[in-house]
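This structure is in structure tokens; I'll ask about it shortly.
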Amino acid sequence: MKITCNFLHSPTLAVCTPQLIWCDRLNNLSHVIFFFLSEWTQRDLERNENVKFCRQYIVFHDDKSVVYSGPSGNCTEIKGELLSVDSPSGDMKAVLRESTIKGEEKQFLEIWHKNRKLKCLNLTTLSKHGKVYEDDQFGCMVWSHSETHLLYVAEKKRPKTESYFQTGLLADEEETIKTDKEETVLGQQFEYYEDWGEALVNKSSPVLCVLDIESSNITVLEGIPANISPGQAFWSPSDTGLVFVGWWHEPFRLGLKYCANRRSSLFYVDLASGKCEQLSSNSSAVCSPRLSPDHCRIVYMECGIFGPHQQCNRLCMYDWYTKQTSVVVDVVQRAREDGFTGIYSSMLSSRCWSADSQRVLMSCAQRSAFIITVSLDTQLGRFQKSEEGSWSLLNIHRDLMVVSCSSPNCPPDLRVGFLPEKGSESKMSWVTLEETQPQADISWQTLNFSPPPEEDNSQYPGLDFNAILLKPKEMTAGSKLPLVVMPHGGPHSVLVSEWILSTAVLCKMGFSVLLVNYRGSLGFGQDNILSLPGNIGTQDVKDVQFAVDSVLKQGDFDEQKVAVVGGSHGGFLACHLIGQYPEFYKACVARNPVTNLSSMIGCTDIPDWCVVEAGYEYNTDIHLEPAILEQMLNKSPIKHVSKVKTPVLLMLGEDDKRVPSKQGIEYYRALKALQVPVRLLWYPGNNHSLSKVDAESDGFMNAALWIIQHLSL
Ligand SMILES: CC(=O)N[C@@H](C)C(=O)N[C@@H](C)C(=O)O
């Protein structure tokens, strides 16, 4: 079977900068021209890497509506750029670039002015700090309002270390050591540095760094409390200091990726006095602070600590001048009458304010779709609810919004539109920049489910959930469709009605695919999330099975050809389903699955996850009781392994810190002992996501072939 995929790309961000004002003399109208760049990534199977490229668009508008828009020129590949940001006026640009010189990786900071490179600093040789952070968690690169300074986050410089018993040196190496003697610390080369876990390996002690553009001088900021790790920083009004999110790292660091519940607060450090002030609560988790265009207010997201890793957020606002904090949008326990279910995005787009600093825009999961919401000072309005598919806000500049839209059968396209006046948000109109080709052979629908009365949660009664069903449109007369069931991971996450390459390809191969958002998923209200901890392995498993049974009743599907696929907590569910419904699933594929919480707790970067999801409260000084460990074991798929008959394909990442590969190996050994068909694919150099190009493509092909083989297709 040959699969050709021409739609392997997705947009990651759009950078819009006003370039010039154009006057249409003929019509005596003045129009503004925007050139904007959108960044995309695409898997390049030949080169075995994800390539980043930009597409340029041109938009003519009259400040209220788009008059003309379209692509301008061809795509250009972006190489070696880790971060890139235009100065507020658009005159300058800063680029962090990685380049390998004589086999060594180096980081450079480039400053571009209009059309030439003004300067280039070799950060590695300057050695003021370690590697610059380019991740979404801590990373940032921000121009001061005056455009004279640049702020970024890097790893704190570590001392040079050496053994007490340095041996086997060449003569010139000995000479270098003598010269560097003062800086070298003896006996510490095996020192352990904690890191921030999965996908943040080697990121331990971030520091805020400021480059003076004129003098090229880099200052590593002092004054930040020693128990705090700073990130997501920006310049305060008038450039008097820096505002940042600080995460407590005592008594130890825990994994941060997908963990919005880590104790953190908003801080301000004054550049003149070095004094550091805490601006938000002491006992919550915050992220995404964004300064309003009038420099008066900062909005940010806030949620509880140590509970579920992703929760319904509060949108808070800090007034820079009155120093008062208000809650703009509170946590929503149950869907409001207008259908609004709360805020779930953990990241706001880098620009999210309307030009008049009155409204904040965001894309956020509402049941199984991402929609754009706009929050007013005290209440929340929204629009684009009626449109199909998912909408994601990439940028907004002077009320011109750039969004990416996709659906399960249509790859993403970019649209632009002006934010209408306050109160008229529903009148929003969008212009598509470049049409993408919908996949006419795939149909999809959202299905809503109410669990049967015996499965209702007595503490959180009356909750519902949903699923997205993809089907090939063409069906041969009399034939029935094979079904691939895919519950998401997390478990507090959500599958939205957006473009997912793997599900679309499965559908093109003739499979129907069911993506289940069981109770506990994001986007359905905080009660829905809270209903799951303590009930994993039962409530989530039964919800998935209920959704599958309901779909099978539609009659289009072959009950003898059902497979289950899932990663992480989705893998936990896949393994549970084949243990609890042994005759039902004919093939199972599990990526880095959680198989035994009681053995995972000692080696994962999120031990609190094991405790909370098993139904207990977590504290950093928790003493594990045998009863807690017993509950963890009872709630794990390994408890049901002796009943498994389904052939299992396991795909494990050697460097997974979240669900260490030993979890999969434990399950593999149990299945081998039971003589259940099992195959293990081992991906060196891959972490939890198995997202390196060769691992992802190999994993997909092997999963598809495993299903074809065991469903006898
Ligand atoms: C919080 C978290 O990472 N939980 C994992 C067990 C998990 O299920 N992760 C999901 C998001 C995944 O798909 O990797």
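We number each residue from 1, following the sequence as shown. Every number for a ligand or one of its atoms is a count from 1 in the order of the listing.
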_Passing option when Met486 is tested against Leu506, Val544, Val516, Ile468 for side-chain contact (heavy atoms from CB on, under 4.5 Å)_ =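 Among the candidates, only Leu506 passes.
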
*Report the nearest protein non-hydrogen atom to atom 13 (O) of ligand 1: residue, atom name, distance rounded to 0.1 Å.*
Arg591 NH2, 3.2 Å

*Heavy-atom contacts with His688 under 4.0 Å: which atoms of ligand 1 show up? List them by number with element.*
9 (N), 12 (C), 14 (O)

*Are any of the side-chain heavy atoms of Trp609 and Val594 separated by less than 4.5 Å?*
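Heavy-atom side-chain distance check passes, below 4.5 Å.
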
_Working note: Val693 + Asp44, criterion side chain to side chain contact (heavy atoms under 4.5 Å, CB included); need CA distance, chi angles, decisive distance, verdict._
CA-CA 8 Å; Val693 172; Asp44 186 328; over 6 Å; no

*Using a heavy-atom cut-off of under 4.0 Å, does the side chain or the backbone of Phe572 touch ligand 1, or both, or neither?*
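None of Phe572 does.
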
_Shortest protein contact, atom 9 (N) of ligand 1 (heavy atom only)_ =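 Of every protein heavy atom, Ser568 OG, 3.1 Å lies nearest to atom 9 (N) of ligand 1.
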
_Sole residue of Thr503, Ile707, Val505 in side-chain contact (heavy atoms from CB on, under 4.5 Å) with Phe511_ =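 Considering Thr503, Ile707, Val505, a side-chain contact (heavy atoms from CB on, under 4.5 Å) with Phe511 is found only for Ile707.
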
*Mark up the atoms of ligand 1 that fall under 4.0 Å of a heavy atom belonging to His569, in ascending order.*
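Checking each atom against His569, I get 7 (C), 8 (O).
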
*asked:* Which option wins on minimum heavy-atom distance to atom 2 (C) of ligand 1: Lys257, Arg658, His309, Gln663?
replied: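 Going through Lys257, Arg658, His309, Gln663 one by one, Arg658 has the nearest heavy atom to atom 2 (C) of ligand 1.
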
*For atom 11 (C) of ligand 1, what's the nearest protein heavy atom and its distance?*
Gly490 N, 3.7 Å

_Closest contact, heavy atoms only, Ser407 versus Gly389_ =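 Scanning both residues completely, I find the closest heavy atoms to be CB-CA, 3.8 Å.
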
*asked:* Please verify the inter-ring angle class for Tyr518 with His569; under 30° counts as parallel, over 60° as perpendicular, anything in between as tilted.
replied: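 Answer is tilted, since the angle falls between 30° and 60°.
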
*Does an N or O anywhere in Cys259 fall below 3.5 Å from an N or O of ligand 1?*
no

